[in-house]
Amino acid sequence: MLERLREHIVRHLRQCVQRRFDLTVEEIAIEVPPHVELGDLAFPIAFQLAQWLRQRTGQKYNPRALAEAIAAELPPMQEIARVEVAGAGYLNVFLDRARLLLGLQQPETAPEPSGEKIIVEHTSINPNKAAHIGHLRNAVLGDALVRLLRWSGARVEVHNYIDNTGVQVADVVVGFKYLEKKDRAEIEAIPGKFDHYCWDLYARVTAWYEENPEALELRRQTLSEIEEGGNPTAELAEYISMRVLNDQLDTVERLGIYYDLLPRESEILHLKFWDRAFELLKAAGLVTYETEGKNRGCWVMRLPSEEETGAREDEGKVLVRSDGTVVYTGKDIAYHLWKLGRLGVDFSYRPFRRYPNGHTTWITTSEATADGAPPEFGRGSAYLSVIGSEQTYLQRFVKEAVRALVPDPRVERSAHIAYEKVALTPRACLELGIELSPEELERQQISMSGRRGLGVKADDLIDKLEEKALGEVRARHPELSEEGARRLAHQIAVGALRYFLLKYTRTTAIAFDFTEALSFEGETGPYVQYAVVRARSIFRKLQEAGLSRHPLGPEQIPEINRFLNEHDDLWALLYLAARLGEFAHQACEHYEPAILAKYAFQLAQRFNTFYHSYHILSEGDPLVREVYLAITEAVCERLARALELLGIEVPEMM
RNA sequence: GCACCCGUAGCUCAGUUGGAUAGAGCGUCGGACUACGAAUCCGAAGGUCGCAGGUUCAAGUCCUGCCGGGUGCACCA
C-alpha cells in the first residue's frame, strides 16, 4: 500500500511542477528522512528544480522557496497528515499514522504476475566431489534470487548445470582406475557419502600428478574417452558423476534447495548443441579460424571492444581447440542460446528425483523422452547465471555471443550474477588441521581449493551447526521429544547458515570464521527467527488467557493518531514494517538479497526494543493494547515474509 | 603489463540512481531476569570513510592519479 501512495504523490508532484514551472520531470527521487521527526518521505526535488530553472533562465533560485511553492500546490490527501519544508529545501511528507496502521491489517496485495519466465542457473558444482561452503554461497544466493523473482511476479525455472564430461570428473576416474586400482564393483561397494570419499581422492590425484607429470597423459586419454562416450570409461564416469550429484543434491536439500532441471554437458555434446551454435557463430562472423600464431588451428572469438581498440592479436578466446574439441565457454554459449530458444534443438528429459514435498527434478538425457510428460523447459524471457566473479572475463564472451545472435531485448535483461568467493582465514585453516606454508600463514585469506582438498565441507558445517543448535534447544526445552528438538535445531541451523551467507553483499569476499558462522547471537538468522517466535508467543498467550481482541476501525482513527503521534518509537517500528516491499523490490532489482537480510535484522532489532519496553498483554487501556497488538501483528507478518524470501523458516519455539 | 572487484570503528561488515548529524554486529567495560521466554535489552568508549586532486547547492558515494589487497588475462572449468 505504501508503493501506491508513493506513486500517487510522485504523480501529483510531477503535475505541480508542470503546472507551476512548465517543466516535465521524468524521475522524481524519493527518500526517507534520517529521523522520524523530519517526516516519513522526503523529496529533494527543489534542488533539482533550482538547477533546471537556473539553466533555463540564468537566474539563481532558492530551493527552499521552490519547495514552499510546491508544497502549497500539493492537493490534500487522506493518507498524508501534513507536509513540511525543511533543511535547505527538502519537501518532507508526514503520513497519517493511524490510517497506515489500519491499512497494514489488510493482507499485502501480491504483485501482478508478469507472465515472464526467467531461467536462474545456480549451484553448478562439478560432480566430482562434495560441496564446500563456497558452493553453498552460490546455492543460497541463487535460491534467494529465485524466491525474490517469484515474489515479484515472475515464473522462474531453476537450473543446476552439470559438467559431467569435464576434466574434474576425469581426474576422479583416473584416481579410481590408476591410483586405487578399483573396479566398478569395488567402487559401487564404497559405503557412505560418496562425494566425501571423492573429495579426498580428488586431492590425492592432484598431488599425484604433481609428483608424476607423465600421469597427465592418463587424464587426457580418460577425458577424451568420456567425451566420446559408449565405452567402459565413460560408463564409469557416468556412474561416478551421477552418484556424486545425488549426494550433492542431498546436501542442498538439507537447506531446502531444489531445482527444476539438471542440464548435463554430455547432452550439450551428444545432441549436437555445439554444432548448431558453431554454425550460427560462423555465419555471424563471430569466430575466426587462426592460420598462424600461437592459436594456429583453433577457432577464436574476440570481443567487439577489442576489435575497436585494435587490441593485440593474441587476445580473444579459443572456442575450438586445434584437435577439434570444444572448450567450456563454447558449450556455455550453446547452452545459453538454448535458454532463449535460439538453438532450434532440444534436450530429452527424464525425472531424476521426486521429493517428499511433491517436487520433481528433471535431468537431460540423449534417449527419447520416455516416462512422464516433462514441462516445457527453456525458451526463457531472460536468464540469470549465478557464477563466481573470477569467471567474469569468460562470461563476457558468452554474453557477447548471445547478444549478437539473439537480436531482442531479452539479452539485455539477462545477466551473469557475479559474487566473490568464500575464503578461509589462516585461523580457520588451523582449526581444520590444514597445514599451511609460512607465506600462506602471513596472508589474510586462503582460497578454498577442491584440488587441494582445502575447504570446509558443507555437510560438516551443517552438522556442526545442528549439533550446536540442538544443545541450545535441549537446554531451553528439556520437555521436547528427540524428534521435535532435532527439527527445531535443524531450522535454527539453516537459519544461521543462510543468513550468514546472505548478509554480505555479493562483492564482498567472505573471510570464513567458525566463531562467526556458528553464532546464534547478534546479526544472525536465529536473532531474526527469535523475534518472530516472541511475537507469535504473545498471540498464543493471548488465546491461552482467553483475552478477546477488539479490532480497530476507521472510527477510532483520531484516537489512534493521538496516541501514535506521541510515540515516535512505535511509529518508526510500524513504518519500517510497512516498507518491506520497498526493500524486497530493491533486493530483487539489484540481485542483492543482502539488502533484504539487513532489513530483516533491523526490523527484528526494533521489534525487540519495543518488546522490551512495552508490556503488551498487561496493558490496561483496551485501545492502546489493541494498537500494540496490531503493530506486533504487522511486524511479525513482514518479518516472517522477509525470512521466507531468504529461505529461512520460523521455528515454533526457540 | 592490461582488465575487473575491494579499501569505512580494535575485528567483520552496511551505507540505495550523489542528499540532512557516517551506522550495525562482534569484541572491551558497566548495567537489566518475582511481568508477554535474557538466543534479549540499556549505557559507555571507539572514525583523517587508504592518500591527493577534481566535478557541484551537496561526495563515503561520481571523475583522474597514486598506494595497498584480491581476482582474471589457458588449446582448465
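Here is how names work: the chains are called A, B, and so on, in the same order as the sequence lines, proteins then strands, and each is numbered from 1.
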(request) Report which part of the nucleic acid A:Tyr614 touches: base, sugar-phosphate, or nothing (heavy-atom distance under 4.0 Å, all strands). (result) base
(request) Decide, yes or no, whether a salt bridge links A:Glu431 with A:Lys464 under the criterion of side-chain N to carboxylate O below 4.0 Å. (result) no
(request) Report which part of the nucleic acid A:Ala418 touches: base, sugar-phosphate, or nothing (heavy-atom distance under 4.0 Å, all strands). (result) nothing
(request) Could you please name the option among B:rA74, B:rC36, B:rU12 that lies closest to any side-chain atom of A:Tyr504? (result) B:rU12
(request) Tell me whether the guanidinium CZ or amine NZ of A:Arg579 lies under 6.0 angstrom from the six-membered ring centre of A:Tyr575 and within 45° of its axis. (result) yes
(request) Using distance alone, with no hydrogens and no angle criterion, decide if A:Thr425 and A:Asp513 have a side-chain donor and acceptor under 3.5 Å apart. (result) no
(request) From the options B:rC5, B:rU12, B:rA24, select the nucleotide whose nearest atom is closest to the side chain of A:Glu523. (result) B:rA24
(request) Rounded to the nearest angstrom, tell me the gap between atom CD in A:Gln395 and atom C1' in B:rA77. (result) 11 Å
(request) Name the closest nucleotide to the A:Ala86 side chain, picking from B:rC13, B:rA20, B:rC75. (result) B:rA20
(request) Please say which of A:Ile268, A:Asn126, A:Ile125 ends up in a side-chain contact (heavy atoms from CB on, under 4.5 Å) with A:Asp163. (result) A:Asn126
(request) Name every residue in residues 605-613 of chain A that has at least one heavy atom under 4.0 Å from any atom of RNA chain B, in order of residue number, or write none if there are no such residues. (result) A:Gln605, A:Asn608, A:Thr609, A:Tyr611, A:His612
(request) Considering just the side-chain nitrogens and oxygens of A:Thr392, establish if one lies under 4.0 Å of OP1 or OP2 belonging to B:rC5. (result) no
(message) Under a 3.5 Å threshold, yes or no: a donor from one side chain and an acceptor from the other, between A:Ser124 and A:His159?
(response) no
Return the polar atom pairs (N/O with N/O) between nucleotides 15-17 of chain B and the protein under 3.5 Å, or none.
from	atom 1	to	atom 2	distance (Å)
B:rU16	O2	A:Gln586	OE1	2.4
B:rU16	O2	A:Gln586	NE2	2.2

(message) So if I take every side-chain heavy atom of A:Tyr328 and compare against B:rA39, B:rU12, B:rA77, which nucleotide ends up nearest?
(response) B:rA77
(message) Tell me whether A:Glu582 is salt-bridged to A:Arg6, with the criterion being a basic N under 4.0 Å from an acidic carboxylate O.
(response) yes
(request) Consider the side chain of A:Lys331, meaning its heavy atoms from C-beta on, and name the nucleotide among B:rA14, B:rA39, B:rA77 that approaches it most closely. (result) B:rA77
(message) Looking only at the side chain of A:Ile538 (C-beta and beyond, no hydrogens), which of the listed nucleotides B:rC5, B:rC36, B:rA14 gets closest?
(response) B:rC36
(message) Can you check the distance between B:rC29 and B:rA35, where both ends of the measurement are the C1' atom (answer in whole Å)?
(response) 29 Å
(message) Nearest whole Å is fine: how far is B:rC5 C1' from A:Gln445 CD?
(response) 12 Å
(message) With a 3.5 Å cut-off and heavy atoms only, can you find an N or O donor on one side and an acceptor on the other between the side chain of A:Asn92 and the base of B:rA20?
(response) yes
(request) Return the stacking result for B:rA20 and A:His35: yes when the ring centres lie under 5.5 Å apart and the planes under 30°, no otherwise. (result) no
(message) Heavy-atom nearest nucleotide on RNA chain B for A:Pro44 versus A:Val326: which residue maps closer to 5'?
(response) A:Pro44
(message) From OH of A:Tyr527 over to P of B:rA38, roughly how many Å is that when rounded to an integer?
(response) 13 Å
(request) Check the distance between B:rC5's C1' and A:Lys421's NZ and give it to me in whole angstrom. (result) 12 Å
(request) Please measure how far the C1' atom in B:rU12 lies from the corresponding atom in B:rG27, and state the result in whole Å. (result) 11 Å
What side-chain donor-acceptor pairs closer than 3.5 Å can you find for residues 30-53 of chain A, not counting sequence neighbours?
from	atom 1	to	atom 2	distance (Å)
A:Asp40	OD1	A:Trp571	NE1	2.8
A:Asp40	OD2	A:Leu95	N	2.7

(message) In whole Å, I'd like the distance from the CD atom of A:Glu390 to the P atom of B:rC4.
(response) 17 Å
(message) Measuring to OP1 and OP2 of B:rA39, would you say a side-chain N or O of A:Arg534 lies under 4.0 angstrom away?
(response) no
(message) I want to verify a distance call: between B:rA39, B:rC36, B:rA20, whose nearest atom is closest to the A:Leu38 side chain?
(response) B:rA20
Every protein N/O within reach of nucleotides 55-61 of chain B N/O, cut-off under 3.5 Å:
from	atom 1	to	atom 2	distance (Å)
B:rC57	OP1	A:Arg54	NH2	3.0

Please report, to 0.1 Å, the donor-acceptor pairs under 3.5 Å made by any side chain of residues 594-607 of chain A, with sequence neighbours excluded.
from	atom 1	to	atom 2	distance (Å)
A:Lys598	NZ	A:Glu523	OE2	2.9
A:Tyr599	OH	A:Leu576	O	2.8
A:Tyr599	OH	A:Ala577	O	3.2
A:Tyr599	OH	A:Leu580	N	3.2
A:Arg606	NH1	A:Ala572	O	3.4

(request) Go through A:Phe520 and A:Tyr527 one step at a time and tell me if the ring pair (Phe, Tyr, Trp, His ring centres under 6.0 Å) criterion holds. (result) CA-CA 7 Å; A:Phe520 298 153; A:Tyr527 178 98; over 10 Å; no
(request) Return no unless some side-chain N or O of A:Tyr393 is found under 4.0 Å from OP1 or OP2 of B:rG72. (result) no
(message) Rounded to whole Å, please give me the gap between CG in A:Asn295 and P in B:rC73.
(response) 14 Å
(request) Considering only NZ, NE, NH1 and NH2 on the basic side and carboxylate oxygens on the acidic side, decide whether A:Glu472 and A:Lys468 come within less than 4.0 Å. (result) no
(request) Looking only at non-hydrogen atoms, find the nearest pair between A:Asn128 and A:Gln168 and report the distance. (result) ND2-O, 3.0 Å
(message) So that I can tick it off, tell me whether A:Glu400 and A:Lys317 are bridged by a salt bridge, with the cut-off set at under 4.0 angstrom between side-chain N and carboxylate O.
(response) no
(message) Does either side chain, that of A:Tyr161 or that of A:Asp332, offer a donor lying less than 3.5 Å from an acceptor on the other one?
(response) no
(message) Among B:rA74, B:rA77, B:rA39, which nucleotide has an atom closest to any side-chain atom of A:Met654?
(response) B:rA39
(message) Just to be sure I understand: a Watson-Crick pair is purine N1 to pyrimidine N3 plus N6-O4 or O6-N4, both under 3.5 Å. Using that and G-U wobbles, which stems of three or more pairs involve RNA chain B?
(response) B:1-7 with B:67-73, B:10-13 with B:23-26, B:28-32 with B:40-44, B:50-54 with B:62-66
(request) Would you mind classifying the nucleic acid contact of A:Arg540 as base, sugar-phosphate or nothing, using non-hydrogen atoms under 4.0 angstrom? (result) nothing
(request) Write down the distance between CD (A:Glu420) and C1' (B:rG69), rounded to a whole number of angstrom. (result) 12 Å
(request) Looking only at side-chain atoms of A:Pro34, point me to the closest of B:rC75, B:rA39, B:rA20. (result) B:rA20
(request) Answer yes if the side chains of A:Thr609 and A:His612 hold a donor-acceptor pair under 3.5 Å, and no otherwise. (result) no
(request) Ignoring hydrogens and angles, state whether a donor on the side chain of A:Tyr614 or A:Asp569 is under 3.5 Å from an acceptor on the partner side chain. (result) yes
(message) For the P atoms, the ones on B:rU55 and on B:rG23, what distance do you get once it is rounded to whole angstrom?
(response) 28 Å
(message) With rounding to the closest Å, how many angstrom separate the C1' atoms on B:rA59 and B:rG15?
(response) 13 Å
(request) Ignoring hydrogens and angles, answer whether the base of B:rC75 and the side-chain atoms of A:Ser322 contain a donor-acceptor pair closer than 3.5 Å. (result) yes
(request) Decide whether A:Thr392 and A:Ser389 meet the rule of one side-chain donor and one side-chain acceptor closer than 3.5 Å. (result) no
(message) Using atom P in both nucleotides, what's the gap between B:rC41 and B:rC13 to the nearest angstrom?
(response) 23 Å
(request) Tell me yes or no: between the side chains of A:Asn160 and A:Gln248, is some donor less than 3.5 Å from an acceptor? (result) no
(request) Write down the distance between CG (A:Leu488) and C1' (B:rA39), rounded to a whole number of angstrom. (result) 13 Å
(request) Select one nucleotide: of B:rG25, B:rC41, B:rC6, the one nearest the side-chain heavy atoms of A:Phe601. (result) B:rG25
